[in-house]
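Heads up, the thing below is written out as structure tokens.
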Amino acid sequence: MSDVTTGILTALGGVGTLAASGGDAAAHAPASGGALPAASPLVLLIPLLPLLGCVLCGLCAAAGVRTKLPAWLTVACLGAAFVAALKMLGDATGGPGTHATIAHAFDWFRIEWGKGPGGVSRELVANFSFYVDTLTCLWMLFVTGLATLIGLYASEYMAGERGPGYCRFFAAFNLFVLSMSCLVMGDNLLLLYLGWEGVGLCSYLLIGYFYQKPSAVAAAKKAFIMNRIGDLGLALGIMLTFVKFGTVEYAELFERIRPFVELARHGRFDEIPFSVQLIPLLFTVGAFGKSAQLPLYVWLPDAMEGPTPVSALIHAATMVTAGVYLVARFIPFYVCSDLALPVVAWVGTLTALTAATIGMAQFDIKRIMAYSTVSQLGYMFAGLGVLTSTGAAFHVFTHAFFKALLFLSCGAVMHGFGGQLDLRKLSGVRKMPGWGIVGVCMLVGCLNLSGFPLLTSGFFSKDMILAQAFTTPGFAAIGWILLLTAGLTAYYTFRVYFRVFEGPSQFEPGDEAHAHADPGDQAHAHAPAGHAHGGHEHGHGQGHGDGHFHPHAPGWAINTVLAVLAVCSTAAIGAYFIDRDHHGWVGRMVDSSTAAWEAPGAGHSGAHAEPPAETGHGAAPGTFLGMDPHAVMYYVSAVVALVGIGAAWWLHLAGRTAAATSRADGLLAAAGPVARGAQGKWFVDEVYDALVVTPLWVLAHVFHLLDKLLIDGLVNLAGWVPRGAGRTASTGQNGLLHSYALGMAGGLAIVLVVALFMVKN
Amino acid sequence: MSAILAQADYPALMSAPTLFHYLVVSAFMFGLGLVGFLTRRNLIIMFLCTELMFQAAGLALVAFSRFHLNHTGETFVIFVLTVAAAEAAMALALVVLLFRRKETLDAERWEEMRG
């Protein structure tokens with residue numbers, strides 16, 4: 001407890017210093033703790049509307065609705081939430097200052113246990129309140145916006161499930177947006193944790209949507225358990241935060257961390273208590289679990305068992321960025337540890353590289369997209385680690401659009417071709433009738449992901465991270481690895497595009513009844529028989545084998561959503577050029593929130609700022625081969641992306657005549673064990689199996705045996721002893737008068753003998 | 001104390017019966033009854049044997065009562081006799097009923113009350 005007191009007293013001192021430091025600081029720092037101005041009550045609509053949608057979908061299920069009503073209700077609720085988010089953004093950026101505001105819904109936790117030393121009351125306060133600053137707005141904007149669009153897409157995609165399953169899907173979909181808004185908007189760590197667990201639950205529910213399919217159930221469990229490991233870290237971090245700082249409310253926390261940030265700024269890390277430095281590391285564990293980083297990333301590729309809209313929304317665009325949000329939100333905590341940010345940077349970088357190498361060798365297009373998500377999340381963490389929270393947030397923002405676009409395009413293909421996802425069995429889809437929009441949208445998505453120069457937002461966001469990696473001293477190696485990864489990303493992205501959408505038109509429909517061609521892959525067919533999506537509605541997926549299969553081109557809902565997303569992905573470039581003073585619109589949003597790592601009032605040069613000496617990594621900014629990284633990185637990353645795309649073109653499109661073969665096949669053989677390793681996902685699952693799953697399995701069986709033999713044995717013994725005793729004694733009750741008499745006589749004799757001995761002695 | 005006790009000494013002659021004699025007779029009667037109860041099967045004989053054991057106990061009580069010049073034992077025997085009389089009426093009635101059931105007095109035939 002004395003630690004807490006010291007922390008509070010130091011924090012109080014810190015507030016005093018802050019007040020003295022003057023005007024400019026106040027403009028960028030949240031106002032003093034506990035006294036933040038109230039936000040417009042409209043903010044409360046953002047979590048409330050998805051809740052309403054969730055309840056309505058539940059009612060639809062109860063009423064036995066078999067139309068698309070749940071989808072329209074969802075789209076309406078989420079669309080309204082998006083409008084509320086826009087209003088929230090307007091309020092947050094419209095005023096003169098950019099103070100954080102708080103929208104209070106109701107009191108949630110208020111536990112007091114007397115007064116501590118110095119009259120500070122010891123209490124745990126966690127309200128259902130929402131902390132609105134520009135970072136919150138940024139996140140909620142794309143969460144609600146994408147959720148609306150993907151809900152519209154799902155209305156058509158899930159049409160084959162109409163009935164209870166449709167209601168269940170959209171109820172969980174709404175619940176996810178509710179949880180995500182608690183996570184992002186919560187004004188305290190407990191509410192964040194509630195949302196954190198809530199999105200995990202929704203992820204579990206939606207991955208396991210086809211609950212009759214064993215692989216989907218296994219994937220759902222894997223995702224849930226992997227996330228639990230990370231969540232443990234986050235929970236410990238929250239507890240430690242409360243013990244050290246005596247509060248879990250952001251407004252207070254960011255005031256109380258300030259003295260430590262000052263210490264860190266001057267490189268005096270040895271004066272910061274170890275436990276304070278431990279907090280960011282514990283948060284990092286949680287972030288790595290949720291955002292699928294090494295070593296906890298293996299759940300994300302398997303999560304593709306869920307319906308594609310879920311993969312697009314939860315496992316690509318929004319939920320998996322929760323880890324990035326956590327780190328960005330708590331940048332002041334991360335600055336207080338000289339270990340935390342380098343760990344984040346290195347793990348992110350290695351994840352980016354590992355996932356990219358695996359993605360290069362997979363054949364399942366959805367799975368390739370999953371690995372690219374892992375890889376891009378790695379980029380974001382690397383961005384955070386190399387001190388460009390702006391770059392990371394910008395990449396989150398652009399990635400949300402183009403990755404949703406890519407997933408939804410892949411989903412449209414999967415939907416139309418009876419669940420076919422193998423890129424060796426699809427070719428030239430773009431030229432088939434009705435597939436033009438999907439083809440163009442996929443191209444836009446692929447260009448963004450590979451960072452095609454100038455035309456794509458992905459190019460600018462990735463460039464921001466790359467340039468900062470070379471600028472920040474000590475992180476040049478990370479820059480080089482990320483540059484290599486960018487090339488690999490361009491290659492595997494266009495490998496998918498050139499194989500599936502270009503070249504000669506050929507296809508082989510997927511079918512629930514057929515085993516997937518890639519034995520290492522679980523079948524991505526929609527559902528087992530009886531649950532067959534689309535089977536009754538569209539007739540696709542049935543004709544396979546007798547030659548009557550016709551690809552089912554997407555309808556207006558899917559095409560509209562894809563087109564809107566393609567436009568959004570491209571329009572996101574605008575965010576880079578608006579407001580150049582603040583290094584782009586996203587830069588302004590980040591800098592006026594707690595994610596800004598610069599000294600308040602140190603001027604706004606954004607991500608390309610001179611790296612501050614207080615990071616403790618040396619003073620001089622790094623260079624890229626002796627040049628200013630910011631000046632040349634545009635050209636370098638453009639060249640890298642074009643080389644990757646060119647390689648994909650040469651290996652997978654030029655001169656290809658069939659869907660199944662390409663020039664790359666020869667290369668695969670030449671690469672030998674490397675290619676096999678990448679194809680086998682570096683056998684990480686197998687290693688985990690051997691190191692964790694199997695020992696635990698053995699242990700579980702040992703405990704099971706112990707339970708069966710020892711515990712059950714003891715319980716049974718307690719039952720058997722009286723039973724055996726009764727059975728033995730009952731043989732004496734033979735109904736013969738003489739034997740009873742004999743017993744009595746014998747007893748009398750014994751009493752007599754005993755009495756005799758007692759008398760004699 | 002011993003002066004007021006009758007026949008306190010061991011008998012000098014066989015002429016006067018002492019406590020010892022009574023107890024021997026009592027023990028003999030009890031043993032006879034016990035052996036009879038254990039060995040015979042006829043319910044009436046077995047009942048008679050229990051009466052024999054009763055009376056053996058009564059004899060011992062009376063003998064001790066006389067020996068200690070204390071009338072409690074004698075009083076008790078009167079109660080025992082009363083109870084024994086009532087019990088005899090009950091038992092014989094039971095024996096009659098049992099006999100009517102199975103036309104035999106063999107105790108071994110009644111073994112339905114097994115555990």
Side-chain angles (χ1 to χ4, degrees), chain A residues 217 221 694-761, chain B residues 19-20 23-24 26-61 64 67 84 87-88 90-99 101-115:
Chain A
V217 175
K221 281 194 286 193
T694 311
L696 284 178
W697 187 87
V698 170
L699 199 64
H701 278 75
V702 168
F703 282 142
H704 176 70
L705 270 182
L706 269 183
D707 182 55
K708 204 103 187 125
L709 296 179
L710 192 70
I711 311 293
D712 285 10
L714 280 176
V715 172
N716 285 340
L717 188 68
W720 273 103
V721 164
R723 208 165 142 187
R727 189 164 291 174
T728 315
S730 74
T731 53
Q733 298 283 327
N734 53 11
L736 289 176
L737 200 52
H738 282 107
S739 77
Y740 300 154
L742 203 62
M744 280 166 65
L748 190 64
I750 290 168
V751 170
L752 277 179
V753 168
V754 170
L756 202 66
F757 269 101
M758 285 172 68
V759 169
K760 281 191 92 171
N761 298 332
Chain B
L19 179 64
F20 178 75
L23 291 184
V24 166
S26 166
F28 186 71
M29 274 168 70
F30 190 87
L32 208 60
L34 190 62
V35 170
F37 188 83
L38 290 177
T39 51
R40 304 300 293 264
R41 291 176 158 197
N42 188 313
L43 281 172
I44 294 178
I45 303 290
M46 286 170 75
F47 173 68
L48 289 179
C49 289
T50 60
E51 285 298 316
L52 207 56
M53 286 188 278
F54 254 131
Q55 302 317 318
L59 183 61
L61 277 170
F64 275 117
F67 179 70
E87 179 246 323
M90 284 267 298
L92 285 173
L94 274 173
V95 168
V96 170
L97 286 175
L98 290 173
F99 181 78
R101 277 283 182 86
K102 292 207 173 173
E103 295 288 325
T104 173
L105 287 174
D106 189 352
E108 306 266 300
R109 296 286 301 278
W110 294 93
E111 47 177 15
E112 280 92 347
M113 301 286 280
R114 257 197 302 269

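Note on naming: letters A, B, ... go to the chains in the order of the sequence lines (proteins, then strands), and numbering restarts at 1 for each one. Note that the coordinates shown come from a computational prediction; the quantities given were computed from them, not determined experimentally.
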Contact class of B:L38 relative to chain A, heavy atoms under 4.5 angstrom: both
Over 12 foreign heavy atoms within 6.0 Å of CZ, A:F703: no
Over 12 non-hydrogen atoms of neighbours within 6.0 angstrom of NZ in A:K708: no
Minimal non-hydrogen separation, B:M46 against A:L737, with atom names: CE-CD2, 3.7 Å
Side chain / backbone / both / neither for B:R41 at chain A, heavy atoms under 4.5 Å: both
